[in-house]
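Below you'll find the structure, written out as structure tokens, and then a few comments.
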Amino acid sequence: MIDVCIAGITGWVGAPLAEAVAEADDLRLVAGVARRGAGTMVVGAPVHATLADALATPFDVLVDYTSADAAKDHAIEAAAAGRHVVIGSSGLTNDDYAEIDTAARANGTGVLAVGNFAITAALLDRFAVLAAEHLPSWEILDIASDGKIDAPSGMARQLAWRLAQVRKPETRIPVDQTVGEIATRGADIDGSRIHSMRLPGYTIGLEVRFGLADERLTISYDGGTGAGPYVAGTLLAIRRVGGLVGVFRGLDAVI
């Protein structure tokens, strides 16, 4: 059995994930963390106000669906306590992951950080990396609801990081030579230009557009309003993170 603690256990993904963990034959939900709901029980597991309180309970894997600031601290704290970590929270930077990696390796623990746990989002990453090996120019469109506070999304940051492992995209006119408002050319994240849209009516989506003379390729992902696809991917991550040491980014690191 893999004993699990979920930070953000009362949230949009955390709540259905708790149910799924409790129903799994090989997983056991033993604790949760939530800003509100401390002192209550979620599917038989006690909810704590802080991770420090939850760490008093033995468990194997911390799953974090909170916020970027909280997730970083939680991951370092859990790694220092010898626990593996699955990060589903968005907004962490490369520097954040470097700090977490140092803590994880020092304690022999694994951290799996995934911008989006849906299998279709993982496929977008894989297809985009393949495309970047052949197409030298691209830009990324990051789409989410108007209630999403972080930009770019963790999924967009992860894609930019993955593409940077292949090459830096070519730009005919350097962005700093733009005539007009340079900000309209998007943010430079690991060398990729990312344009973040935040609008009502949308949930989460990502699009990467590649251009070549007289031809174009667009790869896009659109997420629905249900948490089901994220739950399935997170369960896979929980089962596999124990075989890792250090930080790994992307669900395809374990599939």
Side-chain angles (χ1 to χ4, degrees), residues 1-93 96-97 99-117 147-150 154 227-228 230-248:
M1 295 291 289
I2 300 173
D3 290 337
V4 180
C5 173
I6 301 174
I9 195 169
T10 59
W12 181 62
V13 179
L17 176 62
E19 296 281 353
V21 169
E23 292 171 2
D25 294 335
D26 59 338
L27 308 177
R28 180 166 49 208
L29 182 67
V30 298
V33 179
R35 290 179 298 177
R36 288 175 289 184
T40 64
M41 304 285 286
V42 173
V43 289
V47 179
H48 302 277
T50 67
L51 177 60
D53 293 336
L55 285 170
T57 301
F59 61 84
D60 304 298
V61 178
L62 169 70
V63 181
D64 194 286
Y65 272 104
T66 56
S67 64
D69 290 341
K72 175 185 172 181
D73 292 341
H74 285 170
I76 292 173
E77 188 176 1
R83 318 296 170 91
H84 300 291
V85 184
V86 173
I87 300 177
S89 304
S90 185
L92 279 77
T93 67
D96 293 331
Y97 288 125
E99 289 186 50
I100 296 168
D101 183 68
T102 298
R105 292 184 184 278
N107 293 278
T109 59
V111 178
L112 183 57
V114 180
N116 187 315
F117 282 94
K148 185 171 180 57
I149 193 170
D150 61 298
Y230 315 116
V231 170
T234 307
L235 293 177
L236 173 63
I238 292 169
R239 294 181 171 109
R240 301 289 177 82
V241 69
L244 307 176
V245 175
V247 170
F248 289 75

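Both backbone and side-chain heavy atoms feed into the values below; hydrogens, waters and symmetry mates do not.
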Evaluate the side chain to side chain contact (heavy atoms under 4.5 Å, CB included) criterion for residues L235 and V21: first the C-alpha distance (whole Å), next the side-chain angles of each, then the deciding distance (0.1 Å), finally the verdict. CA-CA 7 Å; L235 293 177; V21 169; 3.8 Å; yes

Just do the side chain to side chain contact (heavy atoms under 4.5 Å, CB included) check on S90 and K148 with the steps written out, would you? CA-CA 10 Å; S90 185; K148 185 171 180 57; 3.5 Å; yes

When every non-hydrogen atom of A49 is compared with those of A38, the smallest separation belongs to N-CB, 3.6 Å

Just so I know, are the side chains of V13 and F117 near enough to count as touching, which here means a heavy-atom distance under 4.5 Å? no

Once rounded to the nearest 0.5 Å, what's the spacing between atom OG of S67 and atom CG of D73? 9.0 Å

To the nearest 0.5 Å, what is the distance between CG (D101) and CG (D96)? 12.5 Å

Y230 and W12 have their tightest heavy-atom pair at CE1-CH2, 3.4 Å

Do the side chains of V85 and T109 get nearer than 4.5 Å, heavy atoms only? no

What distance separates H84 NE2 from L112 CG, expressed to the nearest 0.5 Å? 12.0 Å

Looking at every heavy atom in both A104 and V111, which two are closest together, and how far apart are they? CB-CG2, 3.8 Å

A18 and I9 have their tightest heavy-atom pair at CB-CG1, 3.9 Å

Donor-acceptor pair, side chain of D60 and main chain of I2, under 3.5 angstrom: no

Any side-chain to backbone donor/acceptor pair from S89 onto D64? Under 3.5 Å, distance only. yes

Does D69 have more than 12 heavy atoms from other residues, nucleotides or ligands lying within 6.0 Å of its CG? no

Let me confirm one number: the OG1-NE2 distance from T50 to H74, rounded to the nearest 0.5 Å. 7.5 Å

Carefully, step by step, assess V42 and I6 under the rule side chain to side chain contact (heavy atoms under 4.5 Å, CB included). CA-CA 10 Å; V42 173; I6 301 174; over 6 Å; no

Are the side chains of V4 and F59 in contact, using a 4.5 Å heavy-atom criterion? no

Closest contact, heavy atoms only, A20 versus V231: CB-CG1, 3.6 Å

Nearest heavy-atom approach of D25 to M1 is O-SD, 3.1 Å

To the closest 0.5 Å, what do you measure between NZ (K72) and CD1 (I100)? 7.5 Å

Interatomic spacing from CG in L55 to CG in L62 - rounded to 0.5 Å: 7.5 Å

Any R239 side-chain heavy atom under 4.5 Å of L27 side chain: yes

